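Written below as structure tokens is the structure these notes are about.
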Amino acid sequence: MKQIIEQISADVDSFKADSLEELEALRIKYLSKKGEISELFNQFRDVPADQKREIGQLLNQLRDKAQQKINNLKEQVELKKQEADKLDLTRTPEPIALGTRHPLSLVKNEIIEIFSRIGFVVADGPEIEDDWHVFESLNFPPEHPARDMQDTFFIEKHPDILLRTHTSSVETRVMTTQKPPIRILSPGRVYRNEAISYRAHCFFHQVEGLYVDKNVSFADLKQVLLYFAREMFGENTQIRLRPSYFPFTEPSAEMDISCNICGGKGCPFCKGTGWVEILGCGMVDPNVLKACNIDPDVYTGYAFGLGVERITNLKYQVKDLRMFSENDVRFLNQFK
């Protein structure tokens, strides 16, 4: 019997189980009433008297060893089952690739950071707006021909509700709720009903700035824009202002910067001129101040607006605007 006990003890040492069903099969085979270890206890009565003490101790040790081994295996199987239950089979397989900020977000945040150094604070507003905030308060009366400059998405059955065509609507909301001095930036997405191509899209992003206070002049505007251009594109950047027209500013101007690719010498990107247009600007029209209940005889102000996609193109030389909204990972990975 002693040899049988040693053989079963070796079997216990080799116990393995990957499920509770396999464990139960081991328990039945060795520890049930008809199991092999129980059978040895039944045969114990036939052991010679001088061997009973030794064999009895070995049998008890074998039974305890088998029970302990099965208990330990049960804990391991249950722990594995708990870990398996926590496994999310819908997760991306390891290693999980780290993402990065979108290039438009990188540039927008840089623009905000540059202007925040000189006191501009961010203001936000709704993308679905009413006609008064988008047009009428900004010197676009219903019959004004400048409305033809904006290809607008109107909300069906609500002709006075539309998707904002510029973030200037945020500026009118601020001017009607706050007293000067006002110094804000209004970044955000805007919408225009345009055909989608490599150079145009039906939605894009703007950052507009507004400063209203006493004795604000065009010279103040010029210095702020020169500061921005050199912080964004380098200290050797030059600017020039060309007369233009916007309904909400008078006088108005377009601002160009010296081409940051060729240094102003002329290249295909700047079409050989050495200059690249980046924004529009001007002094806030007195009619806009009046519409927002600000006295134009006491206060003056300037405003400017730039397209984030335009600045991003200049910094990273992205030639197709559609790439910014297609979520192509190969494109986005370049900005890690």
Side-chain angles (χ1 to χ4, degrees), residues 102-105 107-108 111 122-176 184-210 242 244-250 252-255 276-282 284-285 287-288 291-292 303-314 316 318-328 331-332:
H102 195 279
L104 294 180
S105 296
V107 172
K108 181 193 72 174
I111 294 170
V122 173
D124 196 13
E127 295 182 8
I128 300 177
E129 266 288 9
D130 58 70
D131 183 272
W132 190 88
H133 285 96
V134 175
F135 290 129
E136 191 169 347
S137 64
L138 292 166
N139 209 27
F140 288 85
E143 72 286 352
H144 200 293
R147 284 182 182 252
D148 295 336
M149 297 166 59
Q150 315 283 340
D151 296 317
T152 308
F153 286 107
F154 288 93
I155 305 300
E156 187 176 4
K157 299 181 181 180
H158 297 279
D160 291 333
I161 305 298
L162 54 127
L163 298 181
R164 66 185 182 187
T165 60
H166 45 206
T167 57
S168 301
S169 57
V170 179
E171 297 171 0
T172 59
R173 284 185 173 273
V174 172
M175 285 191 286
T176 54
I184 62 165
L185 282 181
S186 52
R189 181 179 294 181
V190 298
Y191 305 84
R192 295 185 187 176
N193 189 9
E194 297 183 2
I196 298 175
S197 68
Y198 76 96
R199 56 181 298 174
H201 212 293
C202 61
F203 69 85
F204 52 99
H205 300 79
Q206 286 185 335
V207 176
E208 298 199 25
L210 172 72
R242 295 177 287 103
S244 187
Y245 167 76
F246 304 107
F248 35 85
T249 54
E250 180 59 37
S252 303
E254 299 276 4
M255 190 184 91
V276 180
E277 177 189 328
I278 66 166
L279 59 83
C281 60
V284 179
D285 193 293
N287 290 332
V288 175
C292 297
F304 56 85
L306 51 95
V308 179
E309 282 84 350
R310 181 67 168 166
I311 304 299
T312 307
N313 282 344
L314 288 171
Y316 299 118
V318 179
K319 298 179 180 180
D320 192 334
L321 282 177
R322 292 170 293 191
M323 298 180 73
F324 290 129
S325 56
E326 290 178 346
N327 292 326
D328 189 326
F331 170 70
L332 298 176

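Keep in mind that what you see is a predicted model, and the values were worked out from it rather than measured. FYI, side chains are in, hydrogens and waters are out, and symmetry mates aren't considered; it's all heavy atoms of this structure.
Once rounded to the nearest 0.5 Å, the distance linking CD1 of I311 with CG of L279 reads 7.0 Å. Residue T152 holds its OG1 atom at 9.0 Å from CG of D131, rounded to the nearest 0.5 Å. The NE2 atom of H102 lies 11.0 Å from the NZ atom of K108; values are rounded to the nearest 0.5 Å. Considering CD of E171 and OG of S137, their distance stands at 10.0 Å, rounded to 0.5 Å. Summarising the geometry, atom NE2 belonging to H166 is positioned 8.0 Å from atom CD belonging to Q206; distances are rounded to the nearest 0.5 Å. Taken from OG in S169 to CD in E129, the straight-line distance is 4.5 Å, to the nearest 0.5 Å.
The shortest side-chain heavy-atom distance between F203 and L163 does not fall under the 4.5 Å cut-off. In this structure, the side chains of S197 and L321 stay at 4.5 Å or more apart for every pair of heavy atoms. The closest side-chain heavy-atom distance from R310 to V276 is below 4.5 Å. Using a 4.5 Å cut-off on side-chain heavy atoms (C-beta onward), V122 and P187 make contact.
Ionic pairing of E277 and R242 is present here: one or more N-O contacts between side-chain nitrogen and carboxylate oxygen are shorter than 4.0 angstrom.
Residues satisfying the salt bridge (charged side-chain N to carboxylate O under 4.0 Å, His left out) test with R322, not counting sequence neighbours, are D320.
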Exercise for review: Evaluate side-chain contact (heavy atoms from CB on, under 4.5 Å) for I184 paired with L210, printing each intermediate quantity in order.
Suggested key: CA-CA 5 Å; I184 62 165; L210 172 72; 4.0 Å; yes
Check your understanding: Run the side-chain contact (heavy atoms from CB on, under 4.5 Å) check on I278 and L306 step by step: do they pass?
Key -> CA-CA 6 Å; I278 66 166; L306 51 95; 5.8 Å; no
Exercise for review: Could you walk me through whether Y316 and V107 pass the side-chain contact (heavy atoms from CB on, under 4.5 Å) test, one step at a time?
Suggested key: CA-CA 10 Å; Y316 299 118; V107 172; 3.8 Å; yes
Review point. Can you check side-chain contact (heavy atoms from CB on, under 4.5 Å) on V288 and M175, steps first, answer last?
Key: CA-CA 10 Å; V288 175; M175 285 191 286; 3.9 Å; yes
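Considering all non-hydrogen atoms of both residues, D285 and P247 come closest at OD2-O, 4.0 Å. Contact between S186 and T167 at its shortest, heavy atoms only, is O-OG1, 2.9 Å. Across all their heavy atoms, F246 and A253 have their closest contact at CE1-O, 3.6 Å. Shown here for E208 and G305, the closest heavy-atom pair between the two residues is CG-CA, 3.9 Å. In plain terms, the two heavy atoms of F204 and E309 that are nearest each other are CA-OE2, 3.4 Å. The heavy-atom pair separating V134 from L138 by the smallest distance is O-CD1, 3.2 Å.
Within the 3.5 Å criterion, the main-chain N or O of C292 finds no donor-acceptor partner in the side chain of T176. A distance-only check finds a donor-acceptor pair linking the side chain of R164 to the backbone of G125 [under 3.5 Å].
The aromatic rings of F331 and F324 sit perpendicular, their planes meeting at an angle over 60°, well past the 30° parallel limit.
Heavy atoms from other residues, nucleotides or ligands lying under 6.0 Å from CD1 of I161 number more than 12.
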